[in-house]
2 protein chains.
Amino acid sequence: MKIKNSRLDAIRLILSTQEVGSQEELLNELAKEGFKLTQATLSRDLHQLRVVKTVGVKGRYRYVLTRPQQYRHEGASGEMRPVVSPQESVGYQSIKFSGNIAVIHTRPSYASTLAYHIDGCDFPEIIGTIAGDDTVLLVMSEDATKGAVLRALRTIIPNI
Amino acid sequence: MKIKNSRLDAIRLILSTQEVGSQEELLNELAKEGFKLTQATLSRDLHQLRVVKTVGVKGRYRYVLTRPQQYRHEGASGEMRPVVSPQESVGYQSIKFSGNIAVIHTRPSYASTLAYHIDGCDFPEIIGTIAGDDTVLLVMSEDATKGAVLRALRTIIPNI
DNA sequence: AATATTATTGCATATTTTTACTTTTTGTAG
DNA sequence: CTACAAAAAGTAAAAATATGCAATAATATT
């Protein structure tokens with residue numbers, strides 16, 4: 001959906017530039033940009049974007065983006081691809097799962113950089129990582145599936 | 001006051017060990033611990049703790065702690081100071097469990113010190129640790145519970 | 001192209017969360 | 001101990017948010 005995607009972008013933009021305390025408010029901002037939708041749809045959008053309502057500086061509630069949203073662009077064949085610098089993914093070599101643990105092999109010395117990126121994304125599917133020189137040990141959430149973890153990692157390592 | 005503080009602690013403990021999707025649910029958990037309060041009060045507690053409602057792994061809503069709050073008290077000049085000495089809190093920031101693994105996040109560079117302390121205690125609930133820069137990966141004994149591990153760790157990290 | 005499948009949305013409503021107001025509890029100073 | 005002030009908690013109602021269902025639009029399949 002073209003409309004939905006640009007609307008999600010608009011939401012990201014608004015939330016990262018101004019303080020929004022309720023969905024109603026956000027709805028108004030979106031209206032100014034020409035987006036016409038109901039609160040119900042907005043609720044679903046926010047759910048999908050994993051936006052959270054926190055407590056701002058003056059004790060006011062505020063909606064904020066959580067994980068760093070990856071900007072994407074349209075690939076040659078029309079599909080959407082993450083925009084990731086090659087440096088970030090070159091190190092990756094393989095991933096294997098066992099129970100709630102995944103082991104990622106990288107090129108020598110790339111492990112800690114990769115782990116750093118993974119940690120930074122705060123994926124709910126991943127509770128933490130430890131890096132050696134060419135190995136990242138990754139602990140999955142109890143209820144996460146391999147698929148979910150792979151999907152999360154794909155935002156960092158497109159060709160995983 | 002006394003009651004409120006221990007209740008806030010209980011909330012922190014519950015939220016860091018189990019998935020809670022609504023205030024109603026959390027209220028039940030608190031009741032199990034002997035805390036009797038209304039949902040309105042809980043809403044205020046959560047606001048004060050800056051707890052946020054996010055979207056968990058399976059798309060379900062979930063309440064989570066944001067930044068682990070530092071315990072503070074009023075200093076001589078009226079400003080607020082952390083109560084625990086850096087040594088005591090050893091950079092601790094958060095702990096998460098998955099299966100027989102716990103992942104402890106610390107401030108940068110604190111992980112190995114913390115792991116060293118944990119290892120030194122020879123807790124029967126913990127068979128070993130590995131530390132990165134800001135992450136300690138902890139392997140639990142087969143028969144240890146999350147609660148038992150937390151209780152053990154509390155001797156090192158009072159405000160865990 | 002026609003049909004089946006899936007995704008998106010609005011509407012209405014249920015659920016959840018916040019808040020204004022009041023009462024109770026707690027701490028403090030006389 | 002009593003009175004006062006401040007903090008905490010309950011009550012009830014408002015506000016905000018989530019969701020089941022049905023309609024519609026987009027996408028895929030034959």
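In the text below, chain A, chain B and the rest are named by the order of the sequence lines, each starting its count at 1.
- With hydrogens and angles disregarded, a donor-acceptor distance shorter than 3.5 Å links the side chain of B:Thr54 to the backbone of B:Arg62.
- Regarding B:Lys36, its NZ atom lies at a distance of 8 Å from the P atom of D:dG10, rounded to whole Å.
- Residues A:Gln48 and B:Ala40 each lie close to DNA chain C; by heavy-atom proximity, the contact nearer the 5' end of the strand is made by A:Gln48.
- Checked against D:dG10, C:dG10, C:dT17, the side chain of B:Arg44 finds its nearest nucleotide in D:dG10.
- When rounded to the nearest whole Å, the span between CD of A:Gln39 and C1' of C:dC11 equals 11 Å.
- Taking side-chain N and O atoms only, B:Ser43 has a distance below 4.0 Å to OP1 or OP2 of C:dT18.
- For the atom pair CD (B:Glu24) and CD (B:Glu29), the distance works out to 12.0 Å, reported to the nearest 0.5 Å.
- Between B:Lys53 and B:Thr41, the residue anchored nearer the 5' end of DNA chain D, judged by the nucleotide with its closest heavy atom, is B:Thr41.
- B:Gln23 pairs with exactly one of B:Thr41, B:Asn28, B:Leu42, B:Leu30 by the side chain to side chain contact (heavy atoms under 4.5 Å, CB included) rule, that one being B:Leu42.
- Taking 4.5 Å as the limit, every side-chain heavy atom of A:Ile127 sits out of range of all side-chain heavy atoms of A:Asn100.
- The side chain of A:Tyr61 contributes no N or O atom lying less than 4.0 Å from OP1 or OP2 of D:dT17.
- Remark: P of C:dT18 and CZ of A:Arg62 are 17 Å apart, rounded to the nearest angstrom.
- For the pair A:Leu42 CG and C:dG10 P, the interatomic distance rounds to 10 Å; values are reported in whole Å.
- Nucleotide D:dT17 holds its C1' atom 12 Å from the NE2 atom of A:His47, rounded to whole Å.
- Contacts between residues 18-35 of chain A and DNA chain D, defined by a heavy-atom separation below 4.0 Å, involve A:Ser22, A:Gln23, listed by number.
- In this entry the distance linking CG of B:Leu46 with P of C:dT16 reads 14 Å, nearest Å.
- Side-chain N or O atoms of A:Ser98 include none that pairs as donor or acceptor with a backbone N or O of A:Ile101 at under 3.5 Å.
- Contact annotation: A:Thr38 side-chain N/O to C:dT9 OP1/OP2 distance is not under 4.0 Å.
- Residue B:Arg7 places at least one side-chain N or O under 4.0 Å from the OP1 or OP2 atom of D:dA9.
- Of the possible donor and acceptor atoms, one in the side chain of B:His47 sits under 3.5 Å from a partner among the backbone N and O of A:Gly59.
- Counting only distance, with no hydrogens or angles, the side chain of A:Ser112 and the backbone of A:Ala131 share no donor-acceptor pair below 3.5 Å.
- Whole-Å rounding puts the B:Asp45 CG to D:dA8 C1' distance at 10 Å.
- Atom pair B:Leu37:CG and D:dA9:C1' shows a separation of 9 Å (rounding to whole Å applied).
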